[in-house]
Structures are given as structure tokens and as C-alpha cells.
**Student:** 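First the structure, which I've put down as C-alpha cells, then a few questions once you've had a look.
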Amino acid sequence: MILHELLDYPTLRLIWWVLLGVLLIGFAATDGFDLGVGALLPFVGRTDLERRVAINTIGPVWEGNQVWLILGGGAIFAAWPQLYAVSFSGFYLAMFVVLAALILRPVGFKYRGKRDDPRWRAAWDWALFTGGFVPALIFGVAVGNVLQGVPFRLTDEYGIRYEGSFFGLLNPFALLCGLLSLSMMVMHGGAWLSLKATGPVAARGRRYGSIAALAALGLFAFCGLLTWLWLGGYRITSPIDPAGPSAPLLKEVTRDGASWLANYATYPWMLIAPVAGFLGILGAFLGLRAGREVSTLLCSKLATFGIISTAGLSMFPFLLPSSLDPRSSLTVWDSSSSHLTLFIMLVATAIFLPLILAYTAWVYRVLWGKVSEASVRDSSDAY
């Protein structure tokens, strides 16, 4: 109870905002290279054996990596129920497309090798490609729409009215963000293949990964420029009570030109995020071109951290702005669960998250080593 009293409501809200970011970054930094390898599969593997090499670099770890996505969804449900309700209902069709694509991945791993038929295997290779390409693109499209504001409003009784459509999500700025997300994960996949594969697969992973790194660099800069010159942002104009009730309609919000950049003037330390994004991409590009392995993957992870953190820090304290009724926008300070719920969930997280990290580290240590054509051809357990 002493700890419960020390962690006041604003502190717990802030901690859970940070934890949500950690979970999203954890998913992109781990399962991101799985998605990237899937998207690269038709390009890095020209023979069945080469494609098997690429598949076997991620086959043993993709399930554990996907746990981060489940944890992120669970964290939103437990800590930010209004955010969960609006996003999972408003983006329902987009979520369905992502889940359908993700379902293709385990099915592809399982059934690809069941028949020694080139057409059968080619069909499942395209399923694995879809399972990597589509989620990587759609996740970025979702972030692009969040930055613009989502077309929803809250009624006086806090009912949710979403007035958008699936194809409305596919607007130019959101698609640019989707391409940034895709190029970031393809770069990450190339870095992973450089580390884990050998021969032509590793060489092609480096080549296509470096191209993706250049695309990510340009798109990251271009999206930032558009945000500054065109997109604008949201700003709370009424007094902010970090310990107030979870009642979004009590505040006043306005849209203006440079709100998404205001945090960097107020808190200069936040510039660490975009700087890390640019330096990570440059480091990954140079590492891929030079044939470095571990440092390249670490730089790619740094880029992932920087790009995602830039979006989160730019929007703070907003979680989900409303383009229809800015007053309905959900923020860190007015859309969380209760003080007690956040505390209980934090205790559970403090117990189980270190276990997950320890298990993940152990798995990667056990599975450390390169995948070669000979090891795949001679192993009865290989995909």
C-alpha cells in the first residue's frame, strides 16, 4: 500500500504511456525483422533452397517475437480502455486485414514443405510475402491516420461514433507513413539476413536492405517536413489536470499549424528521438554496405526506436486525436483506467515482463548461429 500511495495517478498514467511505447517498439524491433524477411522472400531467394534458408532464419523465433503485439493489445485494453474501444472499432476492417495476413504466416510455415511441388511451395511463398508486406504497410498507415486525427466523436454519455471508412484511411499522408514503416522493416529484415544467413541470401539481404534504408531515410525526412509545413497538430487550450477523471469531454482542444513540433521546443531532450532515427538508418545503411552484422542489426533497432519514439513524443499527451470533434480527443491524462487498475497492472508487468525478456534472451542465445544451405538441406527439422 505504501508503493500504491507513492505512485500517484499522474505518475502511473505517465508510466503506462511509456510502457505502451516500449511494447510497440519491442514488437517492431523483434517481429519487425520477421515481417521484413517475409516481404523480402521473393527477392532474396531465387531457388527453393535459398527461400528455405531465408524462412529458417526466422522460423524458430517469430512466434516469440509476436508476443509483443499481443502484449501491446493487452496493455491498451487494460490501461487505456477508451483508446482500445475507439481504435479497435474504428480500424476494425484494417485490423481484420492485418490479422488475416498474420494468420498466413504460421500456415505458410506449416504447410509449405508438406508437398514437394514447385507450384504448391510458390503459393505458400507468396502467402509468407503477404504476411510480411501487408502488416508492415498497414501499421504505418494507422500511425499516419492517428497523426492526422481519426474521424470519431464521443457523445455526452461517452458513446463512440466513428464516421470514417476503410478506404478513407488510405489517404496520401497515411500511405507515405505506411511506406516508411514498410521500408523500415525491410531494412530490418535485410540486417537480420545479413546476420543469420550465408551466401547469396545474405548478400541479397544486404543489397535490398540498403535500398530500403535509403528509402526509409528519405521518407522519414519527407514525412517530418510535411508534418511541419502542412499537417499541423492538436493542442489543449484549457487547464490540464494530470490527476483528473477519465472524461475527455471536459477539456478544450484546437488545431493549429505546428502543434506536433511544439514539444521539441518545450522539451529539447525529445530531439533524441528523431536524431536516433536518422543516425540509426545511416548506421544500418553503412553497415549493410560494408557487410557488418551485429552492429548493423543494432543500428536498425536504433532506427526503429527513433522513428516510433518520434511519433509518440510529437503527439504527447495525445493518444488518439479526433478530427471531427477535437474535444473528444483521447489523451494520457483523461482516458486511462482507474488509479487502482493501473497499479495492479503495473505490479503484474513488473513480475512478468522481466521473465519474458529473460526467456527471449535465452532463446536467442540457444538459437545463435548462421543458417546455411547445407544446414537446411541436411536437417530433417528445417522448414
**Student:** Which heavy atom of Leu35 sits nearest to which heavy atom of Gly131, and what is that distance?
**Tutor:**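 So the minimum-distance heavy-atom pair works out to CD2-O, 3.5 Å.
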**Student:** Between Ser338 and Tyr9, does a side chain to side chain donor-acceptor pair (under 3.5 Å) hold up when you go through it step by step?
**Tutor:** CA-CA 8 Å; Ser338 68; Tyr9 205 8; 6.0 Å; no
**Student:** Let me confirm one number: the SG-CG distance from Cys299 to Leu282, rounded to the nearest 0.5 Å.
**Tutor:**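 The SG atom of Cys299 sits 9.5 Å away from the CG atom of Leu282.
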**Student:** Nearest 0.5 Å, please: how far is CE in Met187 from CD1 in Ile281?
**Tutor:**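 Between atom CD1 of Ile281 and atom CE of Met187 there are 5.5 Å.
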**Student:** Where the side chain of Ser309 meets the backbone of Ala273, is there a donor-acceptor pair that is under 3.5 Å apart?
**Tutor:**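 A pair under 3.5 Å: no.
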**Student:** Got Phe91 and Ile138 here, is their nearest side-chain heavy-atom distance under 4.5 Å?
**Tutor:**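 No; the side chains remain at least 4.5 Å from each other.
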**Student:** For a quick test of reading the model, state the closest non-hydrogen atom pair linking Pro81 to Ser335 and the distance between them.
**Tutor:**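 Here Pro81 and Ser335 meet closest at CD-O, 4.0 Å.
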**Student:** Nearest 0.5 Å please: distance from the CZ atom of Arg289 over to the CZ atom of Arg207.
**Tutor:**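 So the CZ of Arg289 and the CZ of Arg207 are separated by 9.0 Å.
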**Student:** Determine the interplanar angle of the Tyr383 and Phe109 rings, folded into 0 to 90°, and report it as parallel if under 30°, tilted if 30 to 60°, perpendicular if over 60°.
**Tutor:**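 Answer is tilted, since the angle falls between 30° and 60°.
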**Student:** Fit a plane to each ring of Phe139 and Phe27, take the angle between them on a 0 to 90° scale, and name the class: parallel (under 30°), tilted (30 to 60°) or perpendicular (over 60°).
**Tutor:**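 The rings of Phe139 and Phe27 stand perpendicular, inter-plane angle above 60°.
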**Student:** Would Met184 and Leu286 show up in the same hydrophobic cluster when neighbours are defined by side-chain heavy atoms closer than 4.5 Å?
**Tutor:**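 No.
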**Student:** Do Arg13 and Ser336 have a side chain donor and acceptor closer than 3.5 Å?
**Tutor:**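 Yes, Ser336 and Arg13 have a side-chain donor paired with an acceptor closer than 3.5 Å.
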**Student:** Do Ser300 side-chain atoms and Thr296 backbone N/O form a donor-acceptor pair below 3.5 Å?
**Tutor:**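 A pair under 3.5 Å: no.
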**Student:** Salt bridge (Lys or Arg N to Asp or Glu O under 4.0 Å), that's the test. Do Arg52 and Asp125 meet it? Break it down for me.
**Tutor:** CA-CA 10 Å; Arg52 289 183 66 197; Asp125 287 340; over 6 Å; no
**Student:** To the nearest 0.5 Å, what is the distance between CG (Leu319) and CH2 (Trp17)?
**Tutor:**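 Here the rounded value is 9.0 Å.
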**Student:** Looking at every heavy atom in both Gly205 and Val44, which two are closest together, and how far apart are they?
**Tutor:**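 Looks like N-CG1, 3.8 Å.
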**Student:** Atom CG in Leu169, atom CG in Asn145: separation rounded to 0.5 Å?
**Tutor:**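 Separation between the atoms: 4.5 Å.
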**Student:** Following the transitive rule for hydrophobic clusters with a side-chain heavy-atom cut-off under 4.5 Å over Ile, Leu, Val, Met, Phe, Trp and Tyr, establish whether Ile58 and Tyr359 coincide in one cluster.
**Tutor:**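 Yes, one cluster joins them.
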**Student:** Once you round to the nearest 0.5 Å, how far does CG of Leu193 lie from CG of Leu41?
**Tutor:**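 If we round to the nearest 0.5 Å, Leu193:CG and Leu41:CG are 9.5 Å apart.
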**Student:** Has the side chain of Ser337 got a donor or acceptor atom that lies under 3.5 Å from a matching backbone atom of Ala78?
**Tutor:**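 Such a contact is found between Ser337 side chain and Ala78 backbone.
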**Student:** Would you say that Leu179 contacts Leu175 through its side chain, given a criterion of any heavy-atom pair below 4.5 Å between the two side chains?
**Tutor:**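 Of all side-chain heavy-atom pairs linking Leu175 with Leu179, none is under 4.5 Å.
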**Student:** Heavy atoms, side chains only, cut-off 4.5 Å: are Glu50 and Pro200 in contact?
**Tutor:**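 They are in contact (side-chain heavy atoms under 4.5 Å apart), so the answer is yes.
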**Student:** So does Phe316 get a backbone contact from the side chain of Asn263, meaning a donor-acceptor N/O pair under 3.5 Å?
**Tutor:**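 Such a contact is found between Asn263 side chain and Phe316 backbone.
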**Student:** So which atom in Pro248 and which in Ser329 form the shortest heavy-atom distance, rounded to 0.1 Å?
**Tutor:**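 Of all heavy-atom pairs spanning Pro248 and Ser329, the closest is CB-O, 3.7 Å.
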**Student:** Decide yes or no on side-chain contact (heavy atoms from CB on, under 4.5 Å) for Tyr267 and Met270, but give the supporting numbers first.
**Tutor:** CA-CA 6 Å; Tyr267 309 103; Met270 288 186 176; 3.8 Å; yes
**Student:** Taking C-beta and beyond as the side chain, do Lys370 and Lys196 meet within less than 4.5 Å on heavy atoms?
**Tutor:**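 With C-beta onward as the side chain, the pair stays apart.
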**Student:** Indicate yes or no for a side-chain donor-acceptor contact from Asp31 to the backbone of Ala28 under 3.5 Å, with no hydrogens or angles considered.
**Tutor:**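 No, because the side chain of Asp31 does not come within donor-acceptor range (under 3.5 Å) of the backbone of Ala28.
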**Student:** Would you check, one step at a time, whether the test side-chain contact (heavy atoms from CB on, under 4.5 Å) holds for Leu19 with Leu346?
**Tutor:** CA-CA 9 Å; Leu19 282 174; Leu346 182 61; 3.8 Å; yes
**Student:** Answer yes or no: does atom CZ of Arg153 have more than 12 heavy-atom neighbours from other residues, nucleotides or ligands under 6.0 Å?
**Tutor:**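 More than 12 heavy atoms, drawn from other residues, nucleotides or ligands, come within 6.0 Å of this atom.
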**Student:** Can any side-chain N or O of Ser194 pair as donor or acceptor with the backbone N or O of Glu293 at less than 3.5 Å?
**Tutor:**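 Absent.
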**Student:** Kindly determine whether Thr331 and Ile236 satisfy side-chain contact (heavy atoms from CB on, under 4.5 Å), including the steps that lead there.
**Tutor:** CA-CA 10 Å; Thr331 75; Ile236 300 174; 4.1 Å; yes
**Student:** Do side-chain atoms of Arg327 reach the backbone of Val253 as a donor and acceptor pair under 3.5 angstrom?
**Tutor:**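 No; judged by distance alone, with no hydrogens or angles, the pair does not exist.
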**Student:** So which atom in Ala127 and which in Leu104 form the shortest heavy-atom distance, rounded to 0.1 Å?
**Tutor:**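 Heavy atoms only, the tightest pair is O-CB, 3.8 Å.
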**Student:** Go through the steps for Tyr234 and Ser259 under the test side-chain contact (heavy atoms from CB on, under 4.5 Å), then give the verdict.
**Tutor:** CA-CA 6 Å; Tyr234 295 77; Ser259 293; 5.6 Å; no
**Student:** Any donor-acceptor pair under 3.5 Å linking the side chain of Ser375 with the backbone of Val371?
**Tutor:**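 No, Ser375 side chain to Val371 backbone: no donor-acceptor pair under 3.5 Å.
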**Student:** Take Thr11 and Asp8 through the test side chain to side chain donor-acceptor pair (under 3.5 Å) and record every step on the way to the result.
**Tutor:** CA-CA 5 Å; Thr11 301; Asp8 57 20; 2.5 Å; yes
**Student:** On a heavy-atom basis, which atom in Tyr208 and which in Val186 lie closest, and how many Å separate them?
**Tutor:**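 Closest approach of Tyr208 to Val186: O-CG1, 4.4 Å.
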**Student:** Indicate, with yes or no, if Val107 and Phe133 share a hydrophobic cluster defined by side-chain heavy-atom contacts under 4.5 Å among Ile, Leu, Val, Met, Phe, Trp and Tyr.
**Tutor:**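 No; tracing contacts between hydrophobic side chains, which count when under 4.5 Å, never links both residues.
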**Student:** Is the side chain of Asn56 donor-acceptor paired with the backbone N or O of Gly59 at a distance under 3.5 Å, no angle test?
**Tutor:**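 Looks like no, no N/O pair under 3.5 Å.
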**Student:** Using a 4.5 Å cut-off on heavy atoms from C-beta on, say whether the side chain of Leu330 contacts that of Leu154.
**Tutor:**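 The answer is yes; the side chains approach within 4.5 Å.
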**Student:** Compute the ring centroids of Tyr162 and Phe152, then answer whether they are less than 6.0 Å apart.
**Tutor:**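 Between Tyr162 and Phe152, the centre distance exceeds or equals 6.0 Å.
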**Student:** Looking at the rings of Tyr111 and Trp120, which for Trp means the six-membered one, are their centres under 6.0 Å apart?
**Tutor:**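 When the ring centroids of Tyr111 and Trp120 are compared, they turn out to be at least 6.0 Å apart.
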**Student:** Going by the rule salt bridge (charged side-chain N to carboxylate O under 4.0 Å, His left out), which residues pair with Asp34 if we only count those two or more places apart in sequence or in a different chain?
**Tutor:**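 Expected list: none.
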**Student:** Side-chain contact, heavy-atom cut-off 4.5 Å: Leu297 with His188?
**Tutor:**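 Yes, side chains in contact.
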**Student:** Are any of the side-chain heavy atoms of Ile15 and Leu7 separated by less than 4.5 Å?
**Tutor:**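 Result yes, sub-4.5 Å side-chain heavy-atom pair found.
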**Student:** Crowded around Tyr158 OH? As in, over 12 foreign heavy atoms under 6.0 Å?
**Tutor:**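 Yes, because the 6.0 Å sphere around OH of Tyr158 holds more than 12 heavy atoms from other groups.
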**Student:** With sequence neighbours excluded, what pairs up with Phe318 under the ring pair (Phe, Tyr, Trp, His ring centres under 6.0 Å) test?
**Tutor:**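 Only Trp260 meet the ring pair (Phe, Tyr, Trp, His ring centres under 6.0 Å) criterion with Phe318.
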**Student:** Quick one: does Leu102's side chain get under 4.5 Å of Leu69's, heavy atoms only?
**Tutor:**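 Yes, their side chains come closer than 4.5 Å.
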**Student:** Verify the cluster assignment for Trp124 and Phe129: are they in a single hydrophobic cluster under the rule of side-chain heavy atoms below 4.5 Å apart?
**Tutor:**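 Unlinked, Trp124 and Phe129 end up in two clusters.
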**Student:** Do the ring planes of Tyr364 and Trp192 sit parallel (below 30°), tilted (30 to 60°) or perpendicular (above 60°)?
**Tutor:**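 Taking Trp192 first and then Tyr364, their aromatic rings stand perpendicular (interplane angle over 60°).
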**Student:** In terms of hydrophobic clustering (I, L, V, M, F, W, Y; side-chain heavy atoms under 4.5 Å; direct or indirect links), are Ile25 and Trp68 co-clustered?
**Tutor:**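 No, no single cluster joins them.
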**Student:** Just by distance, do the side chain of Lys301 and the backbone of Ala29 share a donor-acceptor pair under 3.5 Å?
**Tutor:**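 Yes, the answer is positive, given that a donor and an acceptor are paired below the 3.5 Å cut-off.
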**Student:** Ignoring hydrogens and angles, state whether a donor on the side chain of Asp325 or Ser322 is under 3.5 Å from an acceptor on the partner side chain.
**Tutor:**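 Not at all, the side chains of Asp325 and Ser322 share no donor-acceptor pair under 3.5 Å.
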